[in-house]
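What follows is one structure encoded as structure tokens, with my remarks underneath.
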Amino acid sequence: MPLIVDIHTHVYPPAYMEMLRGRKTIPYVHDPADSNEAPRLIILSSDDDPSIPIDQRGRPVDSSYFDINVKLTFMRRHGIHCSVISLANPWLDFLEPSEAQKWAQLINDDIEATCAQVNRAADPKGTLALHEKETLFAFGALPLSAPTPDIVVNEIKRLKSLPHLRGVIMGTSGLGNGLDDSRLDPIWAALEETQSLMFLHPHYGLPDEAFGGTEATNRYGHVLPLALGFPLETTIAVTRMLLAGVFDRFPRLKVLLAHSGGTLPFLAGRIESCIHHERKFVANGGDVVGPQRSVWDVLKTNIYLDAVVYGTAGLNAAMTASGTDRLLFGTDHPFFPPLDGKEGNEWPSVTTNYKAINDAFDTEDASVAAVLGGNAARILDLH
Ligand code: URA
Ligand code: ZN
């Protein structure tokens with residue numbers, strides 16, 4: 001039985017849930033009038049549609065989102081030994097500038113304490129190997145709306161001193177203007193200097209107009225925002241980083257892309273070709289020097305990809321683009337629960353990913369073991 005590490009698994013710590021309960025604009029949690037009904041989590045812009053009765057907006061949110069024991073049960077059910085937990089979207093992006101630092105410290109300290117407590121209980125003497133127990137590590141959240149970037153830099157450095165933190169999770173808005181914003185340079189520098197992995201995760205998707213407007217978007221539940229909006233958002237964000245030369249200026253930056261890089265592995269050749277045909281970005285009268293490093297080089301040097309893509313075609317693209325040694329198993333728990341909601345059942349969202357990994361590597365057991373856990377243990381120094 002190989003070591004299994006889940007690097008894409010989220011939590012909303014109870015304090016964060018309470019904060020969302022106190023809000024009336026997205027992101028917020030709404031308690032339905034009927035107390036037998038689960039609270040609703042309203043975080044995506046299309047969820048906040050006034051034509052939908054408030055008790056039906058968004059999605060139900062149960063204890064799997066905030067109770068770590070429920071995650072441990074989920075891990076056990078799916079054979080997962082180790083989870084690298086991260087705050088779920090939209091992280092701390094929406095906070096007032098004066099609140100951001102306080103919340104980042106509170107959430108990161110809370111997550112560190114949870115990891116420490118769970119790990120101590122699983123292995124009081126500290127003698128067991130990773131595959132012999134249940135262990136938690138974490139990616140921290142950043143106070144990106146703080147008044148100045150040095151507050152973010154300080155939090156990146158502080159996270160380095162927390163024993164179970166292994167990097168940061170970040171959305172695509174950066175300091176509010178996307179990830180090609182040069183004001184992010186001190187933050188990239190701090191991530192590079194501390195060799196902290198940045199887990200880049202979508203939240204904002206595409207404007208509802210891309211899907212025909214809010215009503216048309218919501219006609220199909222969350223399918224369009226999650227199946228298409230999320231991966232395209234990631235693709236656009238990382239491509240803007242490439243075009244702005246972020247990987248030229250910070251060649252040792254380490255970025256883990258959610259959902260196998262969105263569509264980046266599939267589109268890398270086209271992106272590279274379009275850059276070549278511009279040299280400088282002169283098409284609209286511009287004079288900006290393009291990126292010096294090739295997309296392929298960045299994919300194999302700076303980028304890691306999760307294996308949360310639910311099919312062999314996507315996995316093959318990811319493997320070809322970045323390499324088997326940079327691909328890491330994940331679940332996206334507690335999102336995408338089984339529709340029947342039965343306790344004790346396996347989650348199709350997880351078994352589909354397990355099957356895709358086994359099918360993609362056929363009989364190459366060493367590659368399967370690397371993707372399921374070996375890569376994560378090495379890259380994130382889990383021990
Ligand atoms: N839906 C979300 O809002 N976030 C995820 O990470 C997955 C699904
Ligand atoms: Zn996720």
Side-chain angles (χ1 to χ4, degrees), residues 5-13 16-17 20 23 26-30 38-49 57-62 64-66 71 74-75 78 80 83-94 107 111 137-142 166-173 197-206 208 211 217-218 220-235 237-238 255-262 304-310 314 318 328-339 347-350 352-353 376:
V5 180
D6 181 358
I7 52 82
H8 189 152
T9 176
H10 303 292
V11 288
Y12 289 124
Y16 187 93
M17 284 294 291
L20 293 189
R23 293 173 54 88
I26 53 164
Y28 62 102
V29 166
H30 168 75
R40 309 293 298 186
L41 177 69
I42 297 145
I43 54 173
L44 304 182
S45 60
S46 54
D47 288 345
D48 199 28
D49 178 351
R57 263 179 234 170
R59 56 193 125 184
V61 56
D62 64 17
S64 64
Y65 285 77
F66 51 83
K71 191 176 291 291
F74 164 86
M75 287 168 64
H78 295 93
I80 295 164
S83 288
V84 186
I85 58 177
S86 51
L87 183 63
N89 51 300
W91 315 283
L92 309 175
D93 285 10
F94 54 91
I107 294 293
I111 287 179
F137 291 90
F139 296 121
L142 294 179
R166 288 296 185 273
V168 300
I169 185 163
M170 196 166 151
T172 61
S173 77
L197 186 83
M198 189 263 273
F199 180 17
L200 176 58
H201 191 290
H203 167 69
Y204 299 95
L206 298 179
D208 290 346
F211 306 125
T217 306
N218 285 333
Y220 311 110
H222 277 161
V223 173
L224 291 168
L226 295 183
L228 301 182
F230 266 33
L232 290 168
E233 175 192 353
T234 307
T235 312
V238 68
V255 180
L256 167 64
L257 298 180
H259 314 124
S260 296
Y304 301 93
L305 301 168
D306 74 20
V308 185
V309 71
Y310 311 102
L328 302 99
F329 173 75
T331 63
D332 224 345
H333 181 262
F335 297 106
F336 306 111
L339 281 182
W347 288 31
S349 55
V350 180
T352 307
N353 272 329

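Remember, it's 1-based here, ligands and their atoms both numbered in the order they're listed.
The backbone N or O of W91 lies less than 3.5 Å from no partner atom in the side chain of N89, so there is not a single donor-acceptor pair. Remark: the backbone N or O of F329 is not paired with any side-chain donor or acceptor of D306 at under 3.5 angstrom. Under a 3.5 Å cut-off, the side chain of S349 and the backbone N or O of F336 do form a donor-acceptor pair. No donor-acceptor distance shorter than 3.5 angstrom exists from the side chain of Y204 to the backbone of F230, with no hydrogens or angles considered.
A donor atom on one side chain and an acceptor atom on the other are not found under 3.5 Å apart for S83 and K71. Between the side chains of H10 and H201, at least one donor-acceptor pair of N or O atoms lies under 3.5 Å.
D332 contributes OD1 as its N, O or S atom closest to the Zn ion (ligand 2).
Ring planes of H333 and F74: parallel class, angle under 30° (limits at 30 and 60°).
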Ligand-protein N/O pairs under 3.5 Å (ligand 1):
from	atom 1	to	atom 2	distance (Å)
ligand 1	1 (N)	R59	NH1	3.0
ligand 1	3 (O)	R59	NH2	2.8
ligand 1	3 (O)	N89	ND2	2.9
ligand 1	4 (N)	N89	OD1	2.8
ligand 1	6 (O)	H10	NE2	3.4
ligand 1	6 (O)	H201	NE2	3.1
ligand 1	6 (O)	D332	OD1	3.1

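Residue side and main chain included, H259 places no N/O/S atom under 2.8 Å of the Zn ion (ligand 2).
Here the angle centred on the Zn ion (ligand 2), running from NE2 of H8 over to NE2 of H201, is 100°, rounded to 10°.
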